[in-house]
Trainee: 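Pasting in a structure now, in structure tokens, and then I'll have a few things to ask.
Just so it is clear: chains get the letters A, B, ... in the order the sequence lines come, proteins before strands, and each one is counted from 1.
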Protein chains: 2
Amino acid sequence: MAKADPGVDAILDQLDAFLHTKQLKLTSQRRQIVDKILAMPRHFTADDLVDSFVGERPRVSKATVYRALSLLAEGGILETHDFGEGHRLFELSIGRSHHDHLCCTKCGKIIEFFSEEMEVMQDRIAEKLGFHATSHSQKIYGMCRDCWRAAKR
Amino acid sequence: MAKADPGVDAILDQLDAFLHTKQLKLTSQRRQIVDKILAMPRHFTADDLVDSFVGERPRVSKATVYRALSLLAEGGILETHDFGEGHRLFELSIGRSHHDHLCCTKCGKIIEFFSEEMEVMQDRIAEKLGFHATSHSQKIYGMCRDCWRAAKR
DNA sequence: CTGAATGCAAAGTATTTGCAGGTCT
DNA sequence: AGACCTGCAAATACTTTGCATTCAG
């Protein structure tokens, strides 16, 4: 299953390349994990991924999932987010352009956005402060349209 | 001790006001916690605060510290940050204007910055997406001047 | 073949909670 | 008096680790 998933090859290629640089191996479990990630919603937790293996034939253990997620993040295949809910969220970064997030504190909905102007401004600020920036994370918290409407009445 | 700390009264006032709105009480432990917070570095963890009570005469328990920190955050006296190290950092927000952070991924140093332009832009983005924004958090990760210099050679 | 990876369960962290007794207002 | 608070220890939630066995290159 998940044999024609768009991007699976590109991801495995990048993973393999990364693993080679660290003399690590592309195991069947790591392949399975990549497959599963493609079937996950945009943002998922380590536990979501672990759960997706319950009752599977070649089961992958929790420890392996956690270890793989760290590697994937280190290799730039996944990005991690912390929306302050006590656990990390992962998001596939390959084939997706950089973006930031609006988080509804009421219903938990997450909306993505991107602003070139903002990116430029961030670089300028970092530079001015003698900082060599490599990434950034920006979150705007509040209420989405629906929750706001519901709260106002 | 900590009797002439600048701001302690302002903070206790705001805390007391907040507690009243929720019919809660300003206990001696909560006062002690506020005192200790004033003696903490800019960013501190719940555990730092718990530790600051070891061997004190009227000791304050871990549970109480955690409960108080939640209240203080809820009342807008503290702000919480998550720099992805597995624990929350707290920061006094009273008497301090809003700001964002540059985080050095090498040495852990945190530099604050503020940009009016950026604030305006964030509001504009939220509005355009039908979002009622209440706060935001922006972090730029990278290397500070010193670490960058050390890494280049 | 050999170093790396896996599964399992146990160990850690960080934080929360139940409860009996103590304390503000 | 009565609602709220506290300390304690036990419970949670998430993540990491030790170790014997299995596997990829």
Side-chain angles (χ1 to χ4, degrees), chain A residues 12-13 15-36 43-75 78 80-90 108, chain B residues 12-13 15-36 40 43-75 78 80-90:
Chain A
L12 286 175
D13 279 357
L15 175 55
D16 198 33
F18 172 70
L19 292 174
H20 270 296
T21 71
K22 308 201 66 170
Q23 329 215 226
L24 303 179
K25 295 164 183 176
L26 182 50
T27 62
S28 93
Q29 285 89 335
R30 287 177 182 165
R31 261 186 256 264
Q32 289 178 65
I33 287 170
V34 167
D35 268 6
K36 289 290 190 190
H43 299 95
F44 60 93
T45 66
D47 228 46
D48 291 338
L49 199 48
V50 170
D51 284 347
S52 77
F53 280 105
V54 298
E56 294 267 310
R57 358 192 239 173
R59 136 115 91 281
V60 176
S61 74
K62 184 194 303 198
T64 299
V65 168
Y66 273 94
R67 286 187 275 233
L69 286 171
S70 294
L71 278 177
L72 290 165
E74 194 186 335
L78 292 179
T80 68
H81 298 294
D82 210 316
F83 294 120
E85 309 142 307
H87 53 252
R88 265 173 297 188
L89 287 182
F90 295 87
Chain B
L12 287 176
D13 280 355
L15 175 55
D16 198 33
F18 171 70
L19 292 175
H20 271 295
T21 71
K22 308 202 66 170
Q23 328 216 227
L24 303 179
K25 295 165 183 175
L26 182 51
T27 61
S28 93
Q29 284 89 335
R30 289 177 182 164
R31 260 186 258 265
Q32 285 177 69
I33 287 170
V34 167
D35 268 7
K36 289 291 190 190
M40 286 277 140
H43 299 96
F44 61 92
T45 66
D47 226 46
D48 291 339
L49 199 47
V50 170
D51 284 349
S52 77
F53 281 104
V54 298
E56 295 266 311
R57 0 191 238 175
R59 138 114 93 281
V60 176
S61 75
K62 186 194 303 195
T64 298
V65 167
Y66 272 93
R67 286 188 274 235
L69 285 173
S70 294
L71 279 176
L72 289 165
E74 195 186 335
L78 292 179
T80 69
H81 299 295
D82 208 317
F83 294 121
E85 309 141 306
H87 54 253
R88 264 174 298 189
L89 288 182
F90 294 87

Trainee: Taking atom P of D:dC14 as reference, at what distance in whole Å does atom CZ of A:Phe90 sit?
Mentor: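 It works out to 12 Å between those atoms.
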
Trainee: Which residue lies toward the 5' end of DNA chain D, A:Ala63 or A:Asp47, if each is placed at its nearest nucleotide?
Mentor: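 Residue closer to the 5' terminus by nearest nucleotide: A:Asp47.
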
Trainee: Could you tell me the separation between the CG atom of A:Asp51 and the OG1 atom of A:Thr45, rounded to the nearest 0.5 Å?
Mentor: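 Answer for the CG-OG1 pair, A:Asp51 versus A:Thr45, is 7.5 Å.
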
Trainee: Using only side-chain N and O atoms of A:Arg88, determine if any of them is under 4.0 Å from OP1 or OP2 of D:dT16.
Mentor: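 The answer is yes; a side-chain N or O of A:Arg88 sits under 4.0 Å from OP1 or OP2.
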
Trainee: Can you measure A:His87 atom NE2 to D:dT16 atom P for me and round it to whole angstrom units?
Mentor: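 Nearest whole value for this atom pair: 14 Å.
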
Trainee: Can you tell me the distance, in whole Å, between the CG atom of B:Leu69 and the C1' atom of C:dT15?
Mentor: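 Nearest whole value for this atom pair: 11 Å.
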
Trainee: When we call it a touch if two heavy atoms are under 4.0 Å apart, what does A:Arg67 touch: a base, just sugar-phosphate, or nothing?
Mentor: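 The residue A:Arg67 makes base contact.
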
Trainee: Is any side-chain heavy atom of B:Ile33 closer than 4.5 Å to one of B:Thr64?
Mentor: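 When only atoms from C-beta onward are counted, B:Ile33 and B:Thr64 do touch, with a gap below 4.5 Å.
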
Trainee: Do the side-chain N or O atoms of A:Thr64 get closer than 4.0 angstrom to the phosphate oxygens (OP1, OP2) of C:dA5?
Mentor: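 No, A:Thr64 has no side-chain N/O under 4.0 Å of OP1/OP2 on C:dA5.
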
Trainee: Rounding to a whole Å, what distance do you find between B:Phe18:CZ and D:dC4:C1'?
Mentor: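 One finds 15 Å between C1' of D:dC4 and CZ of B:Phe18, rounded.
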
Trainee: Both A:Ser28 and B:Arg30 contact DNA chain D. Taking the nearest nucleotide for each, which residue is further toward the 5' end?
Mentor: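 The residue whose closest nucleotide sits nearer the 5' end is B:Arg30.
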
Trainee: Look at A:Gln29 and D:dC23 and indicate whether a side-chain polar atom (N or O) is within less than 4.0 Å of OP1 or OP2.
Mentor: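 False: A:Gln29 side-chain N/O out of range (4.0 Å or more) of D:dC23 OP1/OP2.
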
Trainee: Between P on D:dA13 and OH on B:Tyr66, what's the gap in Å once rounded to a whole number?
Mentor: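 Interatomic distance, OH of B:Tyr66 to P of D:dA13: 16 Å.
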
Trainee: Nearest whole angstrom, please: distance from the P of C:dA5 to the CD of A:Gln32.
Mentor: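 Result: 16 Å.
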
Trainee: Return the value, rounded to whole Å, for the distance between atom CG of A:Leu19 and atom P of C:dA5.
Mentor: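 Answer to the nearest Å: 8 Å.
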
Trainee: Relative to the 5' end of DNA chain C, which residue comes earlier, B:Thr27 or B:Ser70, by the nucleotide with the nearest heavy atom?
Mentor: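 The residue mapped nearer the 5' terminus is B:Ser70.
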
Trainee: Looking at B:Gln23, I want to see if its CD is surrounded by more than 12 non-hydrogen atoms of other residues, nucleotides or ligands under 6.0 Å.
Mentor: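 No.
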
Trainee: Test for a donor-acceptor pair under 3.5 Å between the base of C:dG3 and the side chain of A:Lys25, counting only N and O atoms.
Mentor: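 Yes, the side chain and the base share a sub-3.5 Å donor-acceptor pair.
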
Trainee: Map B:Leu24 and B:Gly86 onto DNA chain C by nearest heavy atom, then report which one ends up closer to the 5' terminus.
Mentor: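 First, find each residue's nearest nucleotide; the 5'-ward one identifies B:Gly86.
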
Trainee: Is it the case that the side chain of B:Arg88 and the backbone of B:Ala46 share a donor-acceptor pair, with hydrogens and angles ignored and the cut-off at 3.5 Å?
Mentor: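 No; judged by distance alone, with no hydrogens or angles, the pair does not exist.
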
